[in-house]
Amino acid sequence: MILAIGEVFAQVAHLDAVRQLMRATQDRVRRQPGCVQYAFAEALEDPGHFVLVQEWSDRGALDAHYRSDAFREYEAGIGQHLARTSELRVFDTPAAFRPVTRDPIGPPQDD
């Protein structure tokens with residue numbers, strides 16, 4: 001399993017365009033072979049700071065993603081909206097596990 005964690009720092013004045021580009025990218029990338037998870041999230045107290053979580057079945061799937069039209073179009077579109085250079089860390093892990101029960105955490109049930 002390949003896990004990639006990225007940080008994107010967008011100009012606050014361009015947040016609407018950035019969010020639209022990120023939504024479109026998520027939709028396209030999630031359909032790529034080997035993509036287990038691909039999601040952008042905005043930091044709660046830091047507008048314009050986004051975290052990207054990617055999970056891929058293997059290194060080949062990640063490499064194919066970086067050669068894809070979806071990635072090239074994202075890269076071409078995001079550049080003009082960045083406040084600073086994005087960062088990415090890639091982890092190659094043998095397996096993943098859930099350290100707690102698989103029961104979903106939900107709201108309390110009224111009796």
Q: Starting at CD of Q11, measure out to NE2 of H81 and round the result to the nearest 0.5 Å.
A: 8.0 Å

Q: For R72, check salt bridge (Lys or Arg N to Asp or Glu O under 4.0 Å) against everything at least two apart and list the hits.
A: D69

Q: Any salt bridge (charged side-chain N to carboxylate O under 4.0 Å, His left out) involving residues 40-56? Give me the pairs, sequence neighbours left out, ordered by first then second residue.
A: R19-E42

Q: Would you name the heavy atoms of A4 and L88 that are closest together and state the gap between them?
A: CB-CD1, 3.9 Å

Q: State yes or no: are the ring centers of F71 and Y66 separated by less than 6.0 Å?
A: yes

Q: May I ask you to test the F50-I78 pair for a side-chain heavy-atom distance under 4.5 Å?
A: no

Q: Just verifying a value: how many Å separate E75 CD and T25 OG1, rounded to the nearest 0.5 Å?
A: 11.0 Å

Q: Within this structure, what is the CD-CZ distance for the pair Q26 and R23, rounded to the nearest 0.5 Å?
A: 8.0 Å

Q: Counting only heavy atoms not in Q20, do more than 12 sit closer than 6.0 Å to its CD atom?
A: no

Q: Checking side chain to side chain contact (heavy atoms under 4.5 Å, CB included) for the pair M22/V8: CA distance, chi angles, key distance, verdict?
A: CA-CA 11 Å; M22 288 177 172; V8 180; 3.9 Å; yes

Q: Looking only at heavy atoms, which two atoms of S57 and V36 are closest? And how far apart?
A: N-CG2, 4.0 Å

Q: Looking at residues at least two apart in the chain, or sitting in another chain, which of them share a salt bridge (Lys or Arg N to Asp or Glu O under 4.0 Å) with R59?
A: D63

Q: Please determine if R28 and E73 form a salt bridge, counting it only when a charged side-chain N lies under 4.0 Å from a carboxylate O.
A: yes

Q: Can you measure from NE2 (H14) to CG (L82) and round to the nearest 0.5 angstrom?
A: 10.0 Å

Q: Establish whether V12 and V51 are linked, either directly or via other cluster members, by ILVMFWY side-chain heavy-atom contacts under 4.5 Å.
A: no

Q: So which of H65, Q32, R31 actually passes side chain to side chain contact (heavy atoms under 4.5 Å, CB included) with Y38?
A: H65

Q: Hey, what do you get for CZ (F91) to CD1 (I2), rounding to the nearest 0.5 Å?
A: 11.0 Å

Q: I need the minimum non-hydrogen distance between L62 and V90, along with the two atoms involved.
A: CD2-CG1, 3.9 Å

Q: Which atom pair, heavy atoms only, marks the closest approach of L21 to G77?
A: CD2-C, 3.5 Å

Q: May I have the step-by-step check of side chain to side chain contact (heavy atoms under 4.5 Å, CB included) for Q37 and V53, ending in yes or no?
A: CA-CA 7 Å; Q37 177 178 308; V53 177; 3.2 Å; yes

Q: To check you understand the geometry: which heavy-atom pair defines the closest contact between L15 and P47, and what is its length?
A: CD1-CB, 4.4 Å

Q: Between A61 and G34, which heavy-atom pair has the shortest distance, and what is it?
A: CB-CA, 3.8 Å

